[in-house]
Structure formats: C-alpha cells, structure tokens
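Ligands are counted one by one from 1 in listed order, and the atoms in each one are counted from 1 as well.
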Amino acid sequence: MRAVAPVITIDGSSATGKGTISEIIAKQLGWKLLESGALYRLLALAANKHHILSDDATGLATLAEHLEIQFIAQENAPTRIILEKDEVAPAHLFNESTGKAASIIAAIPAVRKALLSRQRAFRVPPGLIAEGRDMGTAIFPDAELKFFLTASLSERAKRRLNQLKERGVHATLSALMVELRERDERDEARAASPLKKAHDAILIDTDHLTIVAVVARILNEIKNKFEV
Ligand code: DC
C-alpha cells in the first residue's frame with residue numbers, strides 16, 4: 001500500500017487555463033482539488049479586512065497560520081468559499097485587484113511558510129490535483145506527475161477578459177495585459193518559491209489548444225502513469 005496519496009501538480013502563470021483544467025481533471029478522477037491561488041487571495045482579503053499592511057510580514061504570517069477558511073464542494077454548482085464565517089463572492093475573490101494583492105503578499109517567505117502545511121493537508125486518498133505556481137517545485141516536489149502550462153500574454157489576456165465577462169466583471173484587454181505582465185514578473189522574480197517549471201514537469205504550450213484538448217493531453221499522461 002502507498003504511504004501517501006498520489007498528487008499531480010499543474011503549475012503555470014496567470015490565465016493559462018490551469019484553474020479550469022485542474023477542476024475538470026479532479027472531477028473526472030474523483031480526486032481532491034487544491035487551488036492554491038485561492039489561499040493567497042483569501043489571505044489578501046482578510047489582511048485588508050483586518051488592516052494588516054503588505055509590509056507587515058509577521059502580522060501576515062500569523063494571520064495565514066490561523067485564518068479560518070472553508071471550501072464547501074457542491075454537486076452541480078461552484079465550490080462555496082467561507083472566510084471567517086462570511087461567504088466570499090467569486091467575483092470579489094477572482095478579480096485582478098485581489099490577484100495583485102495576493103501576488104504581493106505571496107512574495108513574503110514567512111507567508112509561504114505559514115501556508116505550507118495547510119496546502120500539504122489537501123493530499124488525501126484517493127489523490128490530489130494541486131494547481132498553482134510552486135506545487136511541483138516547493139509544495140509537492142515528490143509529485144507522481146507534474147505539468148507546467150504556458151501561453152502568450154495576448155492569449156492569456158483574451159482568456160481572462162472572457163472569463164471576467166462571464167462573471168459580470170468589467171475589464172479592458174489593454175489593462176489586463178499590463179496587469180497580467182506585472183503579476184507574472186512579480187511571481188517569477190521573487191526569491192521565495194518563484195513561478196518556475198519543475199525540472200521534471202511536462203511543458204504544455206496552450207496557445208493554440210482548447211481547454212478540452214489540454215484536458216485530453218493531461219488525462220492521457222495520467223492514464224499512462226496510473227493505469228486508471
Ligand atoms: O492562481 P491565482 O491567479 O489565483 O494566484 C493569485 C496569486 O497568488 C498569484 O499571482 C501568486 C500567488 N500564488 C503563489 O504565489 N503561489 C501559488 N502556488 C499560487 C498563487
């Protein structure tokens with residue numbers, strides 16, 4: 001018998017489709033899903049609520065360690081997210097300003113350390129799909145299978161624009177391109193667990209691929225590896 005549940009990591013920059021793709025794959029396999037970006041986003045919202053500034057590393061790390069977060073999976077509806085007893089609206093959590101605030105505090109090593117065991121606790125049977133920036137490099141370096149998704153900046157901005165439109169959030173393509181570039185540069189440049197392909201991750205350039213095609217490609221690799 002395995003000592004620990006298997007984990008598959010899916011990392012990549014913002015708006016590569018990794019969130020949607022990871023969700024579909026986790027559902028198909030019946031495995032648990034860790035959207036690690038949501039943790040950094042929730043921490044950013046909580047810090048704002050408690051007036052903890054982005055230069056207060058100790059305050060942010062303490063908040064990260066004790067933050068009350070609940071993910072309530074639902075059959076045919078998006079997962080409900082509860083932060084300190086309040087329901088968080090997806091439009092608020094996933095907008096670009098929350099993403100930027102998350103990216104700023106995510107550069108603080110003490111914050112990343114405080115969220116480490118919380119993320120590893122998601123690794124339960126029958127298995128975990130872990131999605132983020134450092135899943136394959138720092139959180140689950142021993143993952144059975146690792147993927148790293150890329151796409152050009154203009155394609156990612158287009159995808160994000162459509163996603164925001166669907167959520168009823170107004171944005172412009174040019175502003176999104178600037179915001180995504182800034183966020184990627186920050187995520188790649190930080191010293192603590194930067195956005196980086198793990199040496200043993202499979203690289204998938206999603207520029208000319210649909211979500212369905214990327215899912216099929218990943219499921220194929222999973223089938224080869226696990227004989228599921
Ligand atoms: O995946 P996302 O857009 O929800 O992530 C928001 C920010 O959180 C991202 O810009 C950087 C940070 N993040 C991180 O540093 N490490 C992760 N594993 C996931 C997200």
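Of all atoms in ligand 1, numbered sequentially from 1 with element shown, those under 4.0 Å from a heavy atom of Asp134 are 16 (N), 17 (C), 18 (N). In summary, the atoms of ligand 1 found under 4.0 Å from a heavy atom of Lys18, numbered by their order in the structure, are 1 (O). Interface of Arg41 with ligand 1, defined as ligand atoms under 4.0 Å from a residue heavy atom, comprises 2 (P), 3 (O), 4 (O), 6 (C). Taking every heavy atom of Ala106 and a limit of under 4.0 angstrom, the matching atoms of ligand 1 come to 12 (C), 15 (O). Within ligand 1, the atoms closer than 4.0 Å to a non-hydrogen atom of Met135 are 18 (N), numbered from 1 in the order shown.
Listed for the Asp187 side chain is no donor-acceptor partner under 3.5 Å among the backbone atoms of Leu195. Using a distance-only test at 3.5 Å, with no hydrogens or angles considered, a donor-acceptor pair links the side chain of Glu144 to the main chain of Val7.
Under 4.0 Å from ligand 1, not a single heavy atom of Glu96 appears. Residue Arg183 touches ligand 1 through its side chain alone, judged by heavy-atom distances below 4.0 Å.
For Arg186, the heavy-atom gap to ligand 1 stays at 4.0 angstrom or more. Residue contacts with ligand 1: Glu35 is excluded, as none of its non-hydrogen atoms falls under 4.0 Å. Using a 4.0 angstrom heavy-atom cutoff, Lys100 does not count as in contact with ligand 1. Ligand 1 lies less than 4.0 angstrom from a heavy atom belonging to Arg112.
Hydrophobic clustering places Val215 together with Ile202 (ILVMFWY residues linked when any side-chain heavy atoms are closer than 4.5 Å, directly or through intermediates). Under the 4.5 Å side-chain heavy-atom criterion for grouping Ile, Leu, Val, Met, Phe, Trp and Tyr, Leu43 is connected to Ile69 within one hydrophobic cluster.
Inclusion of Ser14 in the set of residues having an N or O under 3.5 Å from an N or O of ligand 1 is not warranted.
Judged by distance alone, the side chains of Ser14 and Asp184 do bring a donor and an acceptor atom under 3.5 Å apart. A donor-acceptor contact under 3.5 angstrom links the side chains of Ser103 and Arg186, judged on distance only.
Closest protein heavy atom to atom 20 (C) of ligand 1: Gly37 CA, 3.5 Å. What sits closest to atom 8 (O) of ligand 1 on the protein, heavy atoms only, is Tyr40 CB, 3.6 Å. The protein heavy-atom contact nearest to atom 19 (C) of ligand 1 is Ser36 OG, 3.4 Å.
Rounding to the nearest 0.5 Å places NE2 of His208 at 7.5 Å from CD of Glu155.
Scanning Arg133, Gln119, Glu131 for the heavy atom closest to atom 1 (O) of ligand 1 points to Arg133.
In this structure, Glu179 does not pair ionically with Arg160, as no charged nitrogen and carboxylate oxygen lie closer than 4.0 Å. We find that Arg133 and Glu188 are not joined by a salt bridge, their nearest charged nitrogen and carboxylate oxygen being 4.0 Å or further apart.
Contacts classified as side-chain hydrogen bond (donor to acceptor under 3.5 Å, both in side chains) and involving residues 108-120 (residues at least two apart or in different chains) are given here: Tyr40-Arg112, Arg112-Asp134.
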